[in-house]
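We name chains A, B, ... by the order of the sequence lines, and we start the count at 1 in each one.
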Amino acid sequence: MAKELKNLTKREDNYSQWYNELVVKADLAEQSPVRGCMVIKPYGYAIWEKIQRILDDKFKETGHHNAYFPLLIPKSFLSKEAEHVEGFAKECAVVSHYRLKNSDDGSGVVVDPAAKLEEELIIRPTSETIIWSTYKNWIKSYRDLPILINQWANVMRWEMRPRLFLRTAEFLWQEGHTAHATKNEAEIEAKKIHNLYAEFLEKYMAIPVIKGVKTASERFAGALETYTIESMTQDGKALQCGTSHFLGQNFAKAFDVKYINKENKLEYVWATSWGVSTRLMGALIMAHSDDNGLVLPPKLAPIQVVIVPVYKTEIDLEKIDAKILKLIDKLKEKGISVKYDKTDNKRPGFKFAEYELKGIPVRLVMGLRDLENNTVELFRRDTLQKETVPYEGIENRVPALLESIQEGIFQKAFDYRAKHTFVVDTYNDFKIKIEEGNFVLAHWDGDTETEAKIKEETKATIRCIPLDYKSELGKCIYSGKNSEKRVLFARSY
RNA sequence: CGGGAUGUAGUUCAGUCCGGUUAGAAUACCUGGUUUGGGACCAGGGGGUCGAAGGUUCGAAUCCUUUCAUCCCGACCA
């Protein structure tokens, strides 16, 4: 089944084709009949559910509550915040009618022209507008603040070039929308979530990220500041994995959301919004996969350990069963998810390849040899190494191994990024390093026009102005003007 | 919406330039048997209006016209 996958090597021109095949063959998702939409299959969804559960807990720990706002937004709502419209109005799906009828010639159903809506409805591309029109009624006094709400939802953006997980017309995400009494409090919230996202990607998804802020031209429509985390894919491109926006009072003013402060004065509230989407799945796939398929970090793997018996007769299987079932109980006690695959319609070699393709972190094999020696074969997906270990005490070995894999794949991704990150000082070097597929740290004069020119000439954009790096005086690689800090350039998805 | 390519079995494709038996392969699927420590083997079987419509021809998967769809590269984007 995955044989063909081996014919494709990544990091070449066919990287995106390789990515597509991997997504389909690892059983994560497939295309739907509607262009740009995606069917997330059970295995892919199980990973997404893990992501959801972990993030959801973290949001709740930090005082947020879940709620749900409607899918459909009156068109007029989108006209209220000028910059927001500029950023989103173009690529939305629009509902214009509410009824179908049988066509006169009997060829099927048609839209009933009589059922035209007076005001069209927009399928949400993001929910700021509907949420802020609602918050207007919820917020009267400083005692109503802050409002810390998150929603898990689907949104729709009519993208011109969809890619499974990375950019689909409909995608699943969480979007947080908070309202605060003071500017400072809102800024703290935006940064808090930014850090929460970064930590989640590094600790759970094993993806190293660069934290930074977006330049004016890359900023979310309607935001004063956009905090971003950027990861690297194995073809050296950047992938924006999550954003947290400090919205200032823009939406409060557009939707007239005011509160009375302690001094009995009316004030506009301060806002943030933030989100991560199923794109994280794409980040996961692109960060860790190798030529054998997916590599899942243990903390997100729906199945952490798969056990495959190798046997000839039913009697052998019974003996293996006796030992394996005991082991499974012990592993489950330690909170490890285990799958015991003793189906006899596939040969062991086939199963090995299949579970590697699906990225299961650890595989245990017990065969006749092991029965005799009282051992188990232990295989780790990240390094593809096998070792034969004593059966006794294996339940203590596995948790440590899972941890080591979690760290190992993070380190591997980290080293990969380090190897593909360059500090450059001339435009010529810049072009070479970008062309090769790298992250490039270079000086920039802060001018939007310079940024646009560089993009036009090299297809590289400023992914972010990194927060964790020291400032350093230098000259802009393009204009030669003074610069105080290096920014991160890369081609991106 | 521009530039390029492709539509043939569930899937990946060959056949198209140069029209000619009953349209092929691999793989997947079904049946039986032998196998089982890295994607097994043997035997048998099912599966196609060759993307669609029209035209040329004694004859079209193949040539012509139209149309639809998909993929890749741009513009757009989490």
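One can find a donor-acceptor pair under 3.5 Å joining the base of B:G38 and the side-chain atoms of A:K386. Contact of A:E356 with B:G38 (side chain to base): a donor-acceptor pair of N or O atoms is detected under 3.5 Å.
As a whole-Å value, the separation of A:F220 CZ from B:A78 P is 8 Å. A straight line from CG of A:L239 to C1' of B:A78 spans 8 Å, rounded to a whole angstrom. Distance A:E457 CD to B:A75 P: 14 Å, rounded to the nearest Å. For the pair A:K346 NZ and B:G39 P, the interatomic distance rounds to 16 Å; values are reported in whole Å. Here B:G37 presents its C1' atom at 14 Å from OH of A:Y311, a figure rounded to the nearest Å. Atom C1' of nucleotide B:G10 and atom CD of A:E30 are separated by 12 Å, given to the nearest angstrom. Distance, A:W158 CH2 to B:A78 P: 18 Å, rounded to whole Å. Atom C1' of nucleotide B:U12 and atom CH2 of A:W18 are separated by 19 Å, given to the nearest angstrom.
The separation of B:C64 from B:G19, taken at their C1' atoms, amounts to 13 Å, rounded to a whole angstrom. Between B:A61 and B:A9, the distance separating the two P atoms is 15 Å to the nearest Å. Separation of the C1' atoms belonging to B:A75 and B:C68 is 24 Å when rounded to the nearest angstrom. Rounded to a whole angstrom, the distance from the C1' atom of B:C18 to that of B:G54 is 25 Å. Between the P atoms of B:G10 and B:C50, the separation comes to 13 Å (whole Å). Separating the C1' atom of B:G20 from that of B:C71 is a span of 34 Å, rounded to the nearest Å. Only the C1' atoms considered, B:G47 is 32 Å distant from B:U57, to the nearest whole Å. Comparing B:A14 with B:G3, their P atoms sit 25 Å apart, to the nearest whole Å.
Closest contact between the side chain of A:A353 and the listed nucleotides B:U36, B:G38, B:A78 involves B:G38. Of all nucleotides listed (B:G37, B:G74, B:A78), B:A78 comes nearest to the side chain of A:R157. Of the listed nucleotides (B:C77, B:G37, B:A78), B:C77 has the atom at the smallest distance from the side chain of A:R167. For A:R369, taking side-chain heavy atoms from C-beta onward, the closest of the listed nucleotides B:C77, B:G37, B:G39 is B:G37. Which of B:A78, B:U36, B:G39 sits closest to the side chain of A:F171 comes down to B:A78. In this structure, of B:U36, B:A78, B:G38, it is B:G38 that holds the atom nearest to the side chain of A:R363.
Where A:K312 and A:Y493 each meet RNA chain B at their nearest nucleotide, the meeting point lying more 5' is that of A:K312. Toward the 5' end of RNA chain B, the nearer of the two residues A:F352 and A:E159, judged by each one's closest nucleotide, is A:F352.
A salt bridge is absent between A:E457 and A:K431; no separation between the charged side-chain nitrogens and carboxylate oxygens falls under 4.0 Å. Between A:K339 and A:D341, none of the side-chain N atoms (NZ, or NE/NH1/NH2) sits under 4.0 Å from a carboxylate O, so this pair counts as no salt bridge. The pair A:R380-A:E387 does not meet the salt-bridge criterion, since no charged nitrogen lies less than 4.0 angstrom from a carboxylate oxygen. Ion pair A:K214/A:E230 flagged as a salt bridge, since at least one NZ, NE, NH1 or NH2 atom sits closer than 4.0 Å to an Asp/Glu carboxylate oxygen.
Residue A:Q240 is classed as a sugar-phosphate contact, given heavy-atom separations below 4.0 Å to backbone atoms only. Residue-level contact check: A:D344 touches neither bases nor backbone, having no heavy atom under 4.0 Å from any strand. Across all strands, A:L368 comes closer than 4.0 Å to base atoms (heavy-atom distances). Heavy atoms of A:T168 sit under 4.0 angstrom from at least one base atom. Residue A:E218 is classed as having no contact, given no heavy-atom separation below 4.0 Å to the nucleic acid. Nucleic acid contact class of A:L166 (heavy atoms, under 4.0 Å, all strands): base. Among the protein residues, A:N20 comes within range of the sugar-phosphate backbone only, with heavy atoms under 4.0 Å from sugar or phosphate atoms but none that close to a base. Residue-level contact check: A:Y197 touches neither bases nor backbone, having no heavy atom under 4.0 Å from any strand.
Proximity of A:K455 to the phosphate of B:C76: a side-chain N or O atom is located under 4.0 Å from OP1 or OP2. Residue A:R347 places at least one side-chain N or O closer than 4.0 Å to OP1 or OP2 of B:A40. The side chain of A:Q31 contributes no N or O atom lying less than 4.0 Å from OP1 or OP2 of B:U70. Regarding contacts with the backbone of B:G39, every side-chain N or O of A:N292 stays at 4.0 angstrom or more from both OP1 and OP2. Between A:K351 and B:G38 there is no side-chain polar atom (N or O) within less than 4.0 angstrom of OP1 or OP2.
Using a 3.5 Å distance cut-off with no hydrogens or angles, the side chains of A:H177 and A:S273 do not pair a donor with an acceptor.
Summarising the base pairing, B:G59 is matched to no nucleotide, lacking a Watson-Crick or G-U wobble pair whose two defining distances lie under 3.5 Å. Applying the Watson-Crick and G-U wobble criteria (two distances, each under 3.5 Å), B:G37 pairs with nothing in any strand. Nucleotide B:U65 forms a pair with B:A53, judged by Watson-Crick or G-U wobble geometry with both contacts under 3.5 Å. If you check B:C17 for Watson-Crick or wobble pairing at under 3.5 angstrom, you find it has no partner at all. Both distances falling under 3.5 Å, in either a Watson-Crick or a G-U wobble arrangement, place B:U27 opposite B:G10. Shown here, B:G2 forms a base pair with B:C73; the pair counts as Watson-Crick or G-U wobble because both key distances fall under 3.5 Å.
For the pair A:K358 and A:Y43, the cation-pi criterion (under 6.0 Å, within 45° of the ring axis) is fulfilled.
Of the listed residues (A:L384, A:V362, A:V365), just one forms a side-chain contact (heavy atoms from CB on, under 4.5 Å) with A:F379, and that residue is A:L384.
Checking side-chain atoms of A:E395 against main-chain N and O of A:L331 turns up no donor-acceptor pair under 3.5 Å. Although no hydrogens or angles enter the test, the distance criterion places a donor-acceptor pair under 3.5 Å between the side chain of A:S244 and the main chain of A:A190.
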